[in-house]
Amino acid sequence: MSEDHQRDVFDAIADPTRRRLIHLLAQAEEIPLHELTAQFEMGRTAVSKHLTILKEAGLVIDRKVGRETRFRLNASPLREIQNWVAFYSKFWSTNLLRLNQLLEEEEE
């Protein structure tokens, strides 16, 4: 996957395992693959596949240290999700306020 064809961030966080990986990585500066794998009831290959998807979305950065691969979170792509949620949060607040006003008018 080339740099200009990165995986969609929403797709990357859709899976509960990947959300848990993000959560674990957010709590540490850097975590080796074997430590991440120990947190799940799945093999190293399965965890690696999830990490690859997060990496393709720009959410994870990896580096080799000797024979081990260490991972860290790059949270900046999550801003896209934050902005999306903020828009709809404002949308619902506005609509609930309108609904409340209509209900109050009906009661008068």
Review point. Does some side-chain heavy atom of Ile22 sit less than 4.5 Å from a side-chain heavy atom of Val60?
Key: no
Review point. So Phe40 and Leu24, side chain to side chain contact (heavy atoms under 4.5 Å, CB included) or not? Walk me through it.
Key: CA-CA 11 Å; Phe40 296 89; Leu24 291 167; 3.8 Å; yes
Study note, to complete from the structure: Hits for side chain to side chain contact (heavy atoms under 4.5 Å, CB included) against His34, two or more places apart or cross-chain, chain-then-number order -> Pro32, Arg44, Glu68
Practice item. Could you tell me which non-hydrogen atom of Leu59 sits nearest to which non-hydrogen atom of Pro77, and how far apart they are? Key: CD2-CB, 3.8 Å
Practice item. Would you kindly confirm whether Leu54 and Ile31 end up in one hydrophobic cluster when ILVMFWY residues are joined by side chain heavy atoms under 4.5 Å apart? Key: yes
Exercise for review: Group every Ile, Leu, Val, Met, Phe, Trp and Tyr by side-chain heavy-atom contacts under 4.5 Å, then state whether Leu96 and Phe87 land in the same group.
Suggested key: no
Review point. Gln6 and Glu56: side chain to side chain contact (heavy atoms under 4.5 Å, CB included), yes or no, with the steps?
Key: CA-CA 6 Å; Gln6 287 193 334; Glu56 289 169 353; 6.0 Å; no
Exercise for review: Evaluate whether atom CD of Glu29 has more than 12 neighbouring non-hydrogen atoms of other residues, nucleotides or ligands under 6.0 angstrom away.
Suggested key: no
Exercise for review: Please answer: with hydrophobic residues joined when any side-chain heavy atoms are less than 4.5 Å apart, are Phe91 and Phe10 in the same cluster?
Suggested key: yes
Exercise for review: State the CZ-CD1 distance between Arg7 and Ile53, to the nearest 0.5 angstrom.
Suggested key: 4.5 Å
Point to revise | Distance (rounded to the nearest 0.5 Å) between Glu104 CD and Leu99 CG | key: 10.0 Å
Exercise for review: First locate atom CG of Asn100, then atom CD of Glu105, and finally report the distance between them rounded to the nearest 0.5 Å.
Suggested key: 10.5 Å
Check your understanding: After noting the C-alpha distance and the side-chain angles of Met42 and Thr37, does the key distance pass the side chain to side chain contact (heavy atoms under 4.5 Å, CB included) rule?
Key -> CA-CA 7 Å; Met42 62 178 78; Thr37 302; over 6 Å; no
Check your understanding: Given Ile61 and Leu73, is the side chain to side chain contact (heavy atoms under 4.5 Å, CB included) satisfied, shown in steps?
Key -> CA-CA 6 Å; Ile61 297 166; Leu73 179 64; over 6 Å; no
**Study point:** Check: Arg72 side chain, Ala28 main-chain N or O, donor-acceptor pair, under 3.5 Å
**Key:** no
Practice item. Measure from the ring center of Trp92 to the ring center of Tyr88 and say whether it is less than 6.0 Å. Key: no
Review point. Donor-acceptor pair, Ser93 side chain versus Ser89 backbone, under 3.5 Å?
Key: yes
Check your understanding: Backbone N or O of Ala12 within a donor-acceptor pair of the Arg18 side chain at under 3.5 Å?
Key -> yes
Point to revise | Atom pair CG/CD1 of Leu78 and Ile13 - distance to nearest 0.5 Å | key: 6.5 Å
Practice item. Take Asp62 and Lys55, measure what salt bridge (Lys or Arg N to Asp or Glu O under 4.0 Å) needs, and give me the verdict at the end. Key: CA-CA 8 Å; Asp62 64 346; Lys55 188 177 168 185; 3.0 Å; yes
Point to revise | Nearest heavy atoms of Phe71 and Leu25, plus distance in Å | key: O-CD2, 3.5 Å
